[in-house]
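Worksheet for the structure shown next.
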Amino acid sequence: MTQPALTFTAPAGPDGAPLLVLGPSLGTSGILWEDVIPHLTGRFRVTCWDLPGHGASRPATEPFTVGELADAVADGIRELGAPALYAGVSLGGATGLELLVRHPDVVSAAAIVCASPKFGEPEMWAERAAQVRAQGTASLVVGAAQRWFAPGSIERRPVLTGRLLHSLRDADDASYALCCDAIAQYDVSSRLGEIATPVLAVYGEHDGVSPEEHARTIADGVQDGRMIRIDDASHLAPAERPDEVALVLNDFFGGNA
């Protein structure tokens with residue numbers, strides 16, 4: 001296993017403000033947070049990181065674990081000025097939980113958005129990795145649209161949702177498959193109790209990937225956890241309901257900065 005190289009955007013926001021790091025969902029990039037960020041930069045210095053082979057991060061050539069993603073994020077946070085606040089979606093949220101277990105010194109509070117302590121069974125991820133290696137990420141677009149967005153989201157936000165689906169299509173196939181391999185091994189269920197950092201578990205009303213019960217497991221499992229629902233959202237809540245997600249994050253992080 002090899003720690004992947006990740007690219008962070010230059011922080012945007014007032015000098016001296018608390019650093020807020022935003023993590024992506026598998027198949028997306030910083031586009032996911034694009035409409036949330038303007039609501040955050042008045043109070044925080046905001047940066048996004050991209051998964052290997054997604055957005056601005058270079059492709060991965062060696063296997064890695066979600067824990068090693070967290071190690072790479074921790075290195076980036078230290079370079080930018082730890083401790084930081086952290087919010088991540090799906091795989092970015094899983095990375096956040098690993099970050100809290102492995103590097104509790106670098107994060108002062110974390111929002112785990114549309115994520116789970118474990119994502120399904122390893123066989124499912126092995127099948128998806130094999131599909132991408134054989135047919136490319138373009139073969140996932142139709143299924144992703146069904147999983148990612150709540151009823152009405154695509155019609156309500158056609159430009160942004162379209163750009164997100166294009167980001168999936170444009171992701172590096174090998175890197176995406178390696179992310180699937182990492183998710184297949186990921187399970188922090190037994191380690192949630194180690195996490196003393198304040199955690200907010202955020203879930204989308206219609207999310208079938210990381211539903212309410214997964215958020216509740218996180219909120220109840222950590223030492224200082226709470227949960228909140230985003231109405232009319234599924235698995236990519238920051239893109240579907242950016243105003244509501246920004247309000248939730250400003251309220252949570254404002255009390256934990």
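All figures in this text were calculated on a predicted structure; none of them were measured in a lab. This chain uses plain numbering: 1 for the first residue, then up along the sequence.
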Side-chain heavy-atom pair [X], [Y] within 4.5 angstrom cut-off:
X: Arg157; Y: Asp35; result: yes
X: His39; Y: Leu247; result: no
X: Trp148; Y: Val209; result: no
X: Glu240; Y: Phe149; result: yes
X: Val202; Y: Ile112; result: no
X: Arg128; Y: Leu140; result: yes
X: Arg147; Y: Ser234; result: no
X: Thr28; Y: Ser25; result: yes

Tell me the closest heavy-atom pair linking [X] and [Y], and the distance in Å.
X: Val106; Y: Ile77; result: O-CG2, 3.7 Å
X: Ser153; Y: Asp232; result: OG-O, 4.1 Å
X: Phe44; Y: Gly254; result: CZ-N, 4.2 Å
X: Ala145; Y: Ile154; result: CB-CD1, 4.3 Å
X: Pro211; Y: Gly208; result: CD-O, 4.0 Å

Open item on the list: Please determine whether salt bridge (charged side-chain N to carboxylate O under 4.0 Å, His left out) holds for the pair Asp243 and Arg241, giving the CA-CA distance in whole Å, both sets of side-chain angles, and the decisive distance to 0.1 Å.
Closed with: CA-CA 6 Å; Asp243 293 354; Arg241 290 293 182 184; over 6 Å; no

TODO: State yes or no: do Met124 and Ile183 share one hydrophobic cluster built from I, L, V, M, F, W and Y residues joined by side-chain heavy-atom distances below 4.5 Å, directly or via other members?
DONE: yes

Who are the salt bridge (Lys or Arg N to Asp or Glu O under 4.0 Å) partners of [X], not counting sequence neighbours?
X: Arg169; value: none
X: Arg156; value: none
X: Arg133; value: Asp181
X: Glu121; value: Lys118

According to the ring pair (Phe, Tyr, Trp, His ring centres under 6.0 Å) rule, which pairs have a member within [range], sequence neighbours left out?
range: residues 114-145; answer: Phe119-Tyr186
range: residues 191-227; answer: none
range: residues 150-172; answer: none

Donor-acceptor contact present, side-chain [X] to main-chain [Y], <3.5 Å:
X: Arg102; Y: Ala70; answer: no
X: Asp50; Y: Ser29; answer: no
X: Thr137; Y: Asp173; answer: no

Open item on the list: Tell me whether the count of non-hydrogen atoms from other residues, nucleotides or ligands lying under 6.0 Å of CZ in Arg78 goes above 12.
Closed with: yes

TODO: State which residues pass ring pair (Phe, Tyr, Trp, His ring centres under 6.0 Å) with Tyr86; sequence neighbours excluded, sorted by chain then number.
DONE: none

Contacts under 3.5 angstrom, residues 215-228 side chains, donor-acceptor by atom type, not counting sequence neighbours:
from, atom 1, to, atom 2, distance (Å)
Arg216, NH2, Glu212, OE2, 2.8
Thr217, OG1, Glu213, O, 2.9
Gln223, NE2, Gly193, O, 2.9

Would you tabulate the side-chain donor-acceptor contacts of residues 7-19 under 3.5 Å, counting partners in other chains and residues two or more places apart, or write 'none'?
from, atom 1, to, atom 2, distance (Å)
Thr7, OG1, Ala56, O, 3.2
Thr9, OG1, Thr47, OG1, 3.4
Thr9, OG1, Cys48, N, 2.9

Open item on the list: Is it true that Asp75 and Gln3 share a donor-acceptor pair across their side chains at a distance under 3.5 Å?
Closed with: yes

Task: Modelled atom types, side-chain donor and acceptor of Ser116 and Ser210, under 3.5 Å - done: yes

Task: Test side chain to side chain contact (heavy atoms under 4.5 Å, CB included) applied to Ser108 and Leu85, step by step - done: CA-CA 6 Å; Ser108 55; Leu85 304 162; 3.3 Å; yes

Quick check for you: to the nearest 0.5 Å, what is the distance between [X] atom [atom1] and [Y] atom [atom2]?
X: Asp207; Y: Ile230; atom1: CG; atom2: CD1; value: 11.5 Å
X: Leu236; Y: Ile31; atom1: CG; atom2: CD1; value: 11.5 Å
X: Leu40; Y: Phe253; atom1: CG; atom2: CZ; value: 8.5 Å
X: Cys180; Y: Glu127; atom1: SG; atom2: CD; value: 11.0 Å
X: Leu32; Y: Ile37; atom1: CG; atom2: CD1; value: 9.5 Å

Hey, can you pull the donor-acceptor pairs under 3.5 Å for the side chains in residues 88-100, sequence neighbours left out?
from, atom 1, to, atom 2, distance (Å)
Ser90, OG, His235, NE2, 2.8
Thr95, OG1, Leu91, O, 2.8

For residues 194-201, which side-chain N or O atoms pair as donor and acceptor with protein atoms under 3.5 Å away, sequence neighbours left out?
from, atom 1, to, atom 2, distance (Å)
Glu194, OE1, Arg191, NE, 3.3
Glu194, OE1, Arg191, NH2, 2.9
Glu194, OE2, Arg191, NE, 2.9

